[in-house]
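Every number for a ligand or one of its atoms is a count from 1 in the order of the listing. Numbering of residues begins at 1 and proceeds along the displayed sequence.
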Amino acid sequence: MRLKDRVAIVTGSARGIGESIANRFAEEGAKIVINGIDLPAAQAVAERLTKEGKQAIALKADVSVKTEVQAMVKAAVDKFGRVDILVNNAGMSVVGASQDLEEAVWRKGIDVMLTGAFLCCQAAGKEMIKQRFGKIVNIASINGIGAYPERACYCSAKAGVIALTKVLACEWAHYNINVNAVAPGAVETDMVKNLVAFGILPKDEVVRRTPMGRMASTLEIADTVVFLVSEESRFIEGQTIAVDGGWTAYEYLESWLDKARQKD
Ligand code: NAD
């Protein structure tokens with residue numbers, strides 16, 4: 001019970017990585033706000049957790065809309081009395097050749113993944129500053145570290161999230177607030193399954209290029225987030241931890257990995 005009675009908001013937590021983070025937080029004793037744009041889906045997760053004896057509520061908010069974010073944080077404080085943990089997980093895939101990418105598509109991706117993370121940090125951060133305690137984890141991506149063709153919006157948003165993490169960490173460290181980020185590699189979620197199904201993400205090649213030879217599970221991302229919001233990580237500030245099976249560490253030929261695996 002590393003998070004006993006901590007109050008946590010996890011954005012975009014009705015499915016995928018966010019749901020897994022919410023599950024792990026609840027197992028560790030936290031009270032959880034399940035957030036999403038689809039209220040029934042968020043309610044289904046909150047109800048399941050409640051049936052399991054955990055404390056959870058569902059709050060609808062589009063993270064890119066300031067008034068909705070402020071209302072979500074207020075409702076969390078009204079219900080649970082405080083906000084100790086914020087995980088900015090809400091996100092979406094944005095893929096397209098840069099020369100043809102619609103401005104509206106670009107703006108939507110930046111609005112949700114970068115501006116949304118900022119608005120949530122701002123609203124929850126005010127509570128954390130009052131409390132002189134807080135833990136924020138932003139879900140970035142390895143796409144915010146390296147360049148991925150036809151993902152200019154997604155890469156820019158996630159690189160922005162990594163920069164935001166560093167700035168807020170430095171601004172708020174003296175309030176006893178830790179701000180860090182996790183940069184997952186490819187994770188087996190609906191988002192990735194759809195990209196694979198539509199031929200946008202070549203799963204076999206991704207697995208081949210990953211030193212650990214597979215994609216991540218949502219639990220592997222969630223376990224890292226639990227560490228970053230727990231007492232054990234109290235002196236980690238402004239960092240981005242890649243949870244990618246070695247992807248960002250590896251810069252050599254794929255054929256070397258093939259040969260190394262054949263020797264096994
Ligand atoms: P997902 O699509 O399964 O879940 C994303 C959730 O965010 C959904 O529930 C969606 O409804 C919600 N959401 C979208 N827009 C929102 C908004 N405006 N306000 C509130 N909620 C909103 O995706 P996932 O794979 O679980 O990804 C979660 C996060 O992890 C995202 O930020 C994504 O960019 C990041 N990530 C995923 C992978 C991967 O391989 N799956 C890799 C690296 C980073």
Quick check: closest heavy atoms across [X] and [Y], and the distance to 0.1 Å?
X      : Y      : value
Asn178 : Ile236 : ND2-O, 3.0 Å
Leu201 : Met215 : CD2-CE, 4.2 Å
Arg24  : Ala222 : CG-CB, 3.8 Å
Tyr154 : Val94  : CB-O, 3.9 Å
Val83  : Met128 : O-CG, 3.6 Å
Met113 : Ala90  : CG-O, 4.1 Å

Give the residue, atom name and distance (to 0.1 Å) of the protein heavy atom nearest [atom].
atom                    : answer
atom 40 (O) of ligand 1 : Val187 N, 2.7 Å
atom 18 (N) of ligand 1 : Asp62 OD1, 2.9 Å
atom 43 (C) of ligand 1 : Pro184 O, 3.3 Å
atom 27 (O) of ligand 1 : Ile17 CD1, 3.9 Å
atom 13 (N) of ligand 1 : Ala90 CB, 4.0 Å
atom 19 (N) of ligand 1 : Val63 N, 3.1 Å

Sub-4.0 Å atoms of ligand 1 with respect to non-hydrogen atoms of [X]:
X      : answer
Tyr154 : 33 (C), 34 (O), 35 (C), 36 (N), 43 (C), 44 (C)
Thr189 : 24 (P), 25 (O), 26 (O), 41 (N)
Gly16  : 26 (O)
Ile37  : 11 (O), 15 (N), 16 (C), 17 (C), 19 (N)
Ala186 : 40 (O)
Asn89  : 28 (C), 29 (C), 30 (O), 31 (C), 32 (O)
Val112 : 15 (N), 18 (N)
Gly185 : 40 (O), 42 (C), 43 (C)

So, regarding [X] and ligand 1 (criterion: nitrogen or oxygen to nitrogen or oxygen, under 3.5 Å), is there a contact or not?
X      : result
Met113 : no
Ala14  : no
Met92  : no

Taking [atom1] in [X] as the centre, count heavy atoms belonging to other residues, nucleotides or ligands within less than 6.0 Å. Is the count above 12?
X      : atom1 : value
Arg107 : CZ    : no
Met212 : CE    : no
Lys66  : NZ    : no

Take every heavy atom of [X], measure it against each atom of ligand 1, and state whether any distance is under 4.0 Å.
X      : result
Lys158 : yes
Gly116 : no
Thr11  : no
Ser13  : no

Item to check | Stepwise salt bridge (charged side-chain N to carboxylate O under 4.0 Å, His left out) check, Glu231 with Arg6 | outcome: CA-CA 12 Å; Glu231 189 54 18; Arg6 295 282 188 223; 5.1 Å; no
Checklist entry - Between Lys130 and Glu127, does a salt bridge (charged side-chain N to carboxylate O under 4.0 Å, His left out) hold up when you go through it step by step? => result CA-CA 5 Å; Lys130 275 190 255 167; Glu127 295 301 319; 3.2 Å; yes
Item to check | Is_contact(atom 10 (C) of ligand 1), protein non-hydrogen, under 4.0 Å | outcome: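 When distances to the protein are checked, atom 10 (C) of ligand 1 has no heavy atom within 4.0 Å.
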Checklist entry - Taking heavy atoms and a distance under 4.0 Å, where does Val192 meet ligand 1: side chain, backbone, both or neither? => result side chain
Next on the checklist: Taking 4.0 Å as the limit for heavy-atom contacts, which would you say applies to Ala140 with ligand 1: side chain only, backbone only, both, or neither?
Outcome noted: backbone
Checklist entry - Of the listed options (Met191, Lys193, Arg15, Glu19), which comes nearest to atom 23 (O) of ligand 1 when hydrogens are ignored and any heavy atom counts? => result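 Answer by nearest heavy atom: Met191.
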Checklist entry - Which of these, Gly12, Ala61, Gly91, Ser141, has its nearest heavy atom closest to atom 14 (C) of ligand 1? => result Gly91
Checklist entry - Are Val192 and Ile139 in one and the same hydrophobic cluster, where Ile, Leu, Val, Met, Phe, Trp and Tyr link if side-chain heavy atoms are under 4.5 Å apart? => result no
Next on the checklist: In this structure, would Val10 and Ile136 fall into the same cluster of hydrophobic residues linked by side-chain contacts under 4.5 Å?
Outcome noted: no
Next on the checklist: Set out, in order, the CA-CA distance, both residues' side-chain angles and the distance that settles salt bridge (charged side-chain N to carboxylate O under 4.0 Å, His left out) for Glu47 and Lys51, then state yes or no.
Outcome noted: CA-CA 6 Å; Glu47 278 164 24; Lys51 276 192 197 132; 5.3 Å; no
Next on the checklist: Does this structure show an ion pair linking Asp78 with Lys74, if we count only N-O contacts that are shorter than 4.0 Å?
Outcome noted: yes
